[in-house]
Asks: 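Dropping the structure in here first, questions after.
The chains referred to below are lettered A, B, ... by the order of the sequence lines, with proteins before strands, and numbering in each begins at 1. Just so you know, these numbers come straight off a predicted model, no measurement behind them.
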Number of protein chains: 2
Amino acid sequence: MTSTHEEVGYLPPSKPVEHTPISAASGVEEVIRMLEGRWKLVILFHLFGGKLLRFSDLERAIPAISQKMLIQQLRQMEADGIVTRLVHHQVPPKVEYGLTDWGQSLCPSLDALLKWAAARPGS
Amino acid sequence: MTSTHEEVGYLPPSKPVEHTPISAASGVEEVIRMLEGRWKLVILFHLFGGKLLRFSDLERAIPAISQKMLIQQLRQMEADGIVTRLVHHQVPPKVEYGLTDWGQSLCPSLDALLKWAAARPGS
DNA sequence: CAGCATCCCGGTGGATACTG
DNA sequence: CAGTATCCACCGGGATGCTG
């Protein structure tokens, strides 16, 4: 694919839109809002499979993330109904994070994304 | 904030991980890198369906985006092999953007994301 | 028309220190 | 252990003006 300046052998703009992506754009914004941020997807992938992870587990699993970001993203996803927060009040505090059913249902879609990335031409 | 403190009636962590999301984490970063940014997905959704849109078409379709962001995101996706850039050298310049086959193959996955968002409990 | 260059602001997110 | 609080650097991204 030589990016610029090919002589154009393209033809008919007579192709009708079969997908109306524009109308979908509204939902797109919502998805972006809920999943954007450097860490949301990374966290989600660590939670898939119904696992319950403690705050410190996640910190260890994602060494590059700061506490501030970890808690912030977790809280946002909790507010969005994607992750659950389970507090055990005991002397050394223990909090476990997991996925709601709805959050877990995101797994296939994200997996598809992964497969897509893996299928990149010129591997 | 008492959003918390359920007494924990959670049971068996006997659920074996059936998905090994951690190993997937590597690919996740890649996906994020390619799709992140305020506008990438929005642009993509306007390009799905095999449509070729001119720069000005996209500007009109996404009024909130600035020229700078539009061209920047398009270029990045072009570099990633997601979008194509078709230059017609004629007196009033004309450039059309579309999707590569690989880029087009992202459509089902993103659609799944949309459906997921639409299925949010408490609609 | 389709961009590039420049300036600049605000928010995102990192580092660090402190608390229940 | 699981956060909260603060400070601050950086850069994503908007506005404007100019060019081929």
Side-chain angles (χ1 to χ4, degrees), chain A residues 3-8 10 13 28-29 32-43 46-47 52-80 83-98, chain B residues 1-8 10 28-29 32-43 46-47 51-80 83-98:
Chain A
S3 51
T4 44
H5 107 65
E6 35 253 52
E7 198 45 60
V8 174
Y10 195 82
V28 180
E29 311 273 355
I32 292 178
R33 192 192 56 71
M34 291 190 294
L35 263 26
E36 89 179 341
R38 175 77 185 68
W39 301 108
K40 295 252 180 78
L41 293 190
V42 178
I43 296 174
H46 281 277
L47 255 24
L52 284 193
L53 295 181
R54 304 180 58 164
F55 188 82
S56 50
D57 290 334
L58 286 169
E59 279 190 295
R60 236 169 299 111
I62 315 172
I65 199 175
S66 64
Q67 282 192 334
K68 174 185 170 182
M69 278 302 103
L70 181 53
I71 192 62
Q72 181 184 102
Q73 312 260 34
L74 281 171
R75 289 288 157 85
Q76 288 176 16
M77 295 180 115
E78 186 193 0
D80 285 331
V83 315
T84 59
R85 182 168 179 270
L86 202 57
V87 179
H88 309 241
H89 15 345
Q90 51 192 44
V91 178
K94 177 176 177 180
V95 179
E96 291 178 310
Y97 292 89
Chain B
M1 186 186 316
T2 57
S3 70
T4 42
H5 108 67
E6 36 253 55
E7 198 46 58
V8 174
Y10 196 81
V28 180
E29 311 273 354
I32 292 177
R33 193 191 56 72
M34 290 190 296
L35 262 27
E36 89 180 341
R38 177 72 185 75
W39 301 108
K40 295 254 179 75
L41 294 189
V42 178
I43 295 173
H46 282 277
L47 255 24
K51 287 180 298 184
L52 285 193
L53 295 181
R54 305 181 56 166
F55 188 83
S56 49
D57 289 334
L58 285 168
E59 280 191 295
R60 235 169 300 110
I62 314 172
I65 200 175
S66 66
Q67 281 191 336
K68 175 184 170 182
M69 278 302 103
L70 181 53
I71 192 62
Q72 180 184 103
Q73 311 262 40
L74 282 171
R75 287 290 157 85
Q76 288 177 15
M77 295 181 114
E78 185 193 0
D80 285 330
V83 314
T84 59
R85 181 167 178 270
L86 202 59
V87 178
H88 310 240
H89 14 346
Q90 51 192 45
V91 179
K94 176 175 177 180
V95 178
E96 290 178 311
Y97 292 90

Asks: Give a yes/no answer on whether the side chain of A:Arg54 brings an N or O atom under 4.0 Å of OP1 or OP2 in D:dG3.
Replies: no
Asks: Can you give one letter per nucleotide of nucleotides 15-20 of chain D, going 5' to 3': B for a protein heavy atom under 4.0 Å from the base, S for sugar-phosphate only, - for none?
Replies: B-B--B
Asks: Can you sort out the partners of A:Arg38 under salt bridge (charged side-chain N to carboxylate O under 4.0 Å, His left out), two or more places apart, ordered by chain and number?
Replies: B:Glu29
Asks: Rounding to 10°, can you tell me the angle the first-five-pair axis of the helix from C:dC1-D:dG20 to C:dG20-D:dC1 makes with its last-five-pair axis?
Replies: 50°
Asks: Report the residue (A:Arg38 or B:Lys94) whose heavy-atom-nearest nucleotide on DNA chain C is the more 5′ of the two.
Replies: B:Lys94
Asks: At under 4.0 Å, does any side-chain N or O of A:Tyr97 touch on OP1 or OP2 of D:dC1?
Replies: no
Asks: Nearest-Å distance, NE2 (A:His88) to P (D:dG3)?
Replies: 11 Å
Asks: Would you mind reading off the distance between A:Leu86 atom CG and D:dA2 atom C1', rounded to a whole angstrom?
Replies: 14 Å
Asks: If the condition is salt bridge (charged side-chain N to carboxylate O under 4.0 Å, His left out), which residues does B:Arg75 pass it with, not counting sequence neighbours?
Replies: B:Glu78
Asks: Nearest 0.5 Å please: distance from the CG atom of A:Leu53 over to the CG atom of A:Leu47.
Replies: 5.5 Å
Asks: What is the distance, to the nearest angstrom, from the CZ atom on A:Arg85 to the P atom on D:dC1?
Replies: 16 Å
Asks: Could you give the start and end, 5' to 3', of the contact zone on DNA chain C for chain B, using atoms under 4.0 Å from its heavy atoms?
Replies: C:dC1 to C:dC7
Asks: Show me the donor-acceptor pairs, under 3.5 Å and distance only, between side chains in residues 65-73 of chain B and residues at least two apart or in other chains.
Replies:
{"from": "B:Ser66", "atom 1": "OG", "to": "B:Met69", "atom 2": "N", "distance (Å)": "3.3"}
{"from": "B:Gln67", "atom 1": "NE2", "to": "B:Glu59", "atom 2": "OE2", "distance (Å)": "3.4"}

